[in-house]
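Atom set for the values below is all heavy atoms of this structure, side chains included, hydrogens, waters and symmetry mates excluded.
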Amino acid sequence: MGYAMSRLEIESELFEGGNVTSEAGCSNRSDKPFCKVDHEIAQLTNLKSVPNERLHQLMPGKKKLPVSPVKMLAGREGNYSRRGGFSSADRCHMISRYLPVNGPWLADQMTSRAYVSQFSADGSLFVAGFQGSDIRIYNVDRGWKVQKNILAKSLRWTVTDTSLSPDQRHLVYTSMSPIVHIVNVGSATTESLANITEVHEGLDFSAADGGYSFGIFSVKFSTDGRELVAGSSDDSIYVYDLEANKLSLRIAAHMADVNTVTFADESGNLIYSGSDDNLCKVWDRRCFVAKDKPAGVLMGHLEGVTFIDSRGDGRYFISNGKDQTIKLWDTRKMSSNTSCNLGFRNYDWDYRWMDYPPQARDLKHPSDQSIATYKGHSVLRTLIRCYFSPEYSTGQKYIYTGSHDSRVYIYDVVTGAQVAVLKHHTSPVRDCSWHPYYPMLVSSSWDGDVVKWEFPGSGEAPTPVSKKRIRRRYYY
């Protein structure tokens, strides 16, 4: 016990006063952070990730430094928190310090590009979708064994998105088609070949338009599992009622492709959307004042929005943009006026095959309504995704994102600093996912690799990964 405590003390002192480096590329940047959030969300984040005030009294004069594990344990034994144990904020304060940056360990390697990859809500399953029609569901608790290998039906170009139902019994997948397919994940069949070994039921999202062809970029289950929301290439948002088995709502939402949609919270009443028209919009299904009129609009991105992730409270969300930024939004700052969304380009640029113009990097929207902007990663060639870190283990203290430069970036929400950069892949990282409870992050890339990053790791040396070349040049 004495040795263990001494080791913890040494590690904690290194963390508090020293520079800790990581083979995975943890950032020890000495330059100023990209932003500073002087806003209510900073207080909310601190409430979730800062330990009890009484624990700080163990460190006179060092209140701003993290409280070491040893001193937190001593505080718990002395009942300084008056809780008889650690609070959720105490837990997050400890776990969030140990980022999943060790590795990587190879989970799978395919010969086609990985487009989507996400943990289930409880972290027991992991879903990855590839351009070559494969959608694999891994059993995380059983050594990442492939529980189900789904061969997508009627695939057009690639699997653009997947979503697992809250009860983990069904999975939906989309491509550049108005038909969303649903698969029974709970069945015993491992090889799920469309309409051969299993039926992949098709949900027609084009019924209201008489079969008009469009593609779906984004799909999400509602929290109760009764509805799907989708964003499409015909500038619209669709809501599908699974119990009635019919389309229940279509909104002509934007002036360009709707690349991303999500439910704002558990109620299912609020929907966030992001589009190539550079706008984020908020839709309240309880009070449509006029047809296709949003509850509010949020301006600030200078280029199209590729992805939106909600904090889950119906108030804050983040968006990734082709202007090479992530923006943090407070819906209380939204407006109904979009006349300020003017054209900013005095150059020709297409993110699918061109680098971002240097002269555009310092531009700022004159009516930017975001409350923070995070820079460092790159959003090119494909609809790269970003997320809040898990609430249970980090108190949503971080934002993480894939990047065109083949890396994963982790930012501090409050300071905007890059706290880690994960380097392994050789092609764009389109999607990544942080385990909801453990310090584990999985990244998937166009190089076909699905790899795990952990802290402290599995105890084994990282699995060597053989690289291969993928020559496809078509993007969306």
How are the rings of W453 and H424 set to each other: parallel, tilted or perpendicular (split at 30° and 60°)?
-> perpendicular
Fit a plane to each ring of Y409 and H377, take the angle between them on a 0 to 90° scale, and name the class: parallel (under 30°), tilted (30 to 60°) or perpendicular (over 60°).
-> tilted
Mark yes or no for whether [X], through its side chain, and [Y], through its backbone, hold a donor-acceptor pair below 3.5 Å.
X	Y	answer
S406	S427	yes
N102	P456	yes
D234	F214	no
N46	A42	yes
S163	F221	yes
S218	V261	yes
T197	L193	yes
S275	L279	no
T260	I308	yes

Are more than 12 heavy atoms from other residues, nucleotides or ligands located less than 6.0 Å from atom OH of Y438?
-> no
Side chains of [X] and [Y] only: does a donor on one sit below 3.5 Å from an acceptor on the other?
X	Y	value
R156	S213	yes
K48	Q396	yes
D284	N269	no
T394	S96	no
K148	S187	yes
N320	T401	yes
H301	D323	yes
T160	T174	yes
Q168	S120	yes
T382	R430	yes

Closest non-hydrogen atom pair, [X] against [Y]:
X	Y	result
I384	G402	CG2-O, 3.3 Å
Y398	D412	CD2-CA, 4.0 Å
H425	S445	ND1-CB, 3.2 Å

When rounded to the nearest 0.5 Å, the distance separating CG of D134 from CD1 of I150 is 10.0 Å
Between F126 and W144, does the ring centre distance come in under 6.0 Å?
-> yes
Taking the six-membered ring for Trp, is the centroid-to-centroid distance between Y272 and W329 below 6.0 Å?
-> no
Y400 pairs by ring pair (Phe, Tyr, Trp, His ring centres under 6.0 Å) with which of Y411, F388, Y387?
-> Y387
Do the non-hydrogen side-chain atoms of W283 and I251 ever get within less than 4.5 Å of each other?
-> yes
Does V413 reach the side chain of K397, with side-chain heavy atoms less than 4.5 Å apart?
-> no
Applying salt bridge (charged side-chain N to carboxylate O under 4.0 Å, His left out) between E227 and each of K220, K246, R285, report the one that passes.
-> R285
Ring pair (Phe, Tyr, Trp, His ring centres under 6.0 Å) between Y173 and H200, worked out | CA-CA 10 Å; Y173 63 85; H200 294 191; 5.8 Å; yes
